[in-house]
Amino acid sequence: MADENQTNNGEAAGEQAQQGPQFNIQRIYTKDISFESPNAPAIYTKEWKPEIKLDIDTSTNKLEENVYEVVLSVTVTASLGEETAFLCEVQQAGIFAIGEMPDQNKAHTLGSFCPNMLFPYARETISNLVNRGTFPPLNLAPVNFDAIFAAYVQKRAQQAQGQAPKMDA
């Protein structure tokens, strides 16, 4: 009898685990890469004190029911004065299966958790491209995608509040 209870409890626990939120990485891949050094070779003769500009963007595409492509676009521009030393662009993407979960949790997963998983791949690709361009090493600092997503959500909420009174007027 004790064995039956353990088996039944084990099955019930297994069923509950299957009913909870599901997350699965199906594939991580590089979607697009670009490296340009428009002022080479003259740029190599200058003192290396670059201004580094980092731009990050994400996009999400629904591929099928509960399957999404998340694309993390990272652009790094290094300038010496008015001249561009290099421009490096990487689109790192992943296909993620996300089971049933509340919309707010799904938005956070797609807007923060997935880009956070993709960023190390993009960072490594950028580092390798800069190295192949024979520039000094570039190691990007970690990015807080939770803070970026929270700012995005707050901005959208403010826009919605700002637009709501205009619709009533």
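- Glu69 has a carboxylate O that lies under 4.0 Å from a charged side-chain N of Lys31, or vice versa, which qualifies the two as a salt bridge.
- No more than 12 heavy atoms of other residues, nucleotides or ligands sit less than 6.0 Å from atom CG of Asp103.
- Closest of all the heavy-atom pairs between Leu72 and Ala122 is CD2-CB, 4.4 Å.
- Separating the CG atom in Asn105 from the CD atom in Glu100 is a distance of 12.0 Å, to the nearest 0.5 Å.
- Within the structure, every pair that satisfies the ring pair (Phe, Tyr, Trp, His ring centres under 6.0 Å) test and touches residues 46-76, not counting sequence neighbours, is listed here: Trp48-Phe135.
- Evaluation of the side-chain contact (heavy atoms from CB on, under 4.5 Å) rule for Asn128 yields Glu124 as partners, not counting sequence neighbours.
- Other cluster members for Tyr29: Leu63, Val67, Ile95, joined by side-chain heavy-atom distances under 4.5 Å among Ile, Leu, Val, Met, Phe, Trp and Tyr.
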Pairs under 3.5 angstrom only: tabulate donor-acceptor contacts from the side chains of residues 147-157 to other protein residues two or more places apart or in another chain.
{"unit_1": "Tyr152", "atom_1": "OH", "unit_2": "Arg156", "atom_2": "NH1", "d": "2.8"}

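- Residues Met101 and Thr109 meet the side-chain proximity criterion, which asks for heavy atoms closer than 4.5 Å.
- For the pair Thr60/Leu110, a side-chain contact is recorded, criterion being any heavy-atom separation below 4.5 Å from C-beta on.
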* Test Leu140 against Leu54 for side-chain contact (heavy atoms from CB on, under 4.5 Å), laying out the working first. => CA-CA 9 Å; Leu140 297 177; Leu54 174 67; 4.2 Å; yes
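- Closest heavy-atom contact between Phe23 and Cys114: CE1-SG, 3.8 Å.
- A distance of 13.5 Å separates OG1 of Thr125 from CD of Glu89, quoted to the nearest 0.5 Å.
- Across Ile43 and Ser37, no two heavy atoms sit closer than the pair CG2-OG, 4.3 Å.
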* Show the numbers, then the answer: is there a side-chain contact (heavy atoms from CB on, under 4.5 Å) between Val76 and Lys53? => CA-CA 6 Å; Val76 178; Lys53 181 181 175 195; over 6 Å; no
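- Residues passing the side-chain hydrogen bond (donor to acceptor under 3.5 Å, both in side chains) test with Ser112 are Asp146, sequence neighbours excluded.
- Checked by atom type, the side-chain pair Gln91/Asp32 shows no donor-acceptor distance below 3.5 Å.
- Side chains of Phe96 and Val70 form a contact here, defined as non-hydrogen atoms less than 4.5 Å apart.
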Report all side-chain donor-acceptor pairs from residues 77-87 shorter than 3.5 Å, counting only partners two or more places apart or in another chain.
{"unit_1": "Glu83", "atom_1": "OE1", "unit_2": "Lys46", "atom_2": "NZ", "d": "2.7"}

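- Annotation for Ala97 and Gln26: closest pair CB-NE2, 3.6 Å, computed over non-hydrogen atoms.
- The nearest pair of heavy atoms linking Glu36 to Ser34 is OE2-OG, 3.6 Å.
- Expressed to the nearest 0.5 Å, how far NE2 of His108 lies from NZ of Lys106 amounts to 15.0 Å.
- Looking at every heavy atom in both residues, Cys88 comes nearest to Ile126 through SG-CG1, 3.9 Å.
- Under the 4.5 Å side-chain criterion, counting only non-hydrogen atoms from C-beta, Gln92 is in contact with Ile28.
- Heavy-atom contacts from other residues, nucleotides or ligands closer than 6.0 Å to OH of Tyr121 number 12 or fewer.
- No continuous path of hydrophobic side-chain contacts links Val71 to Leu118 [ILVMFWY only; heavy atoms under 4.5 Å].
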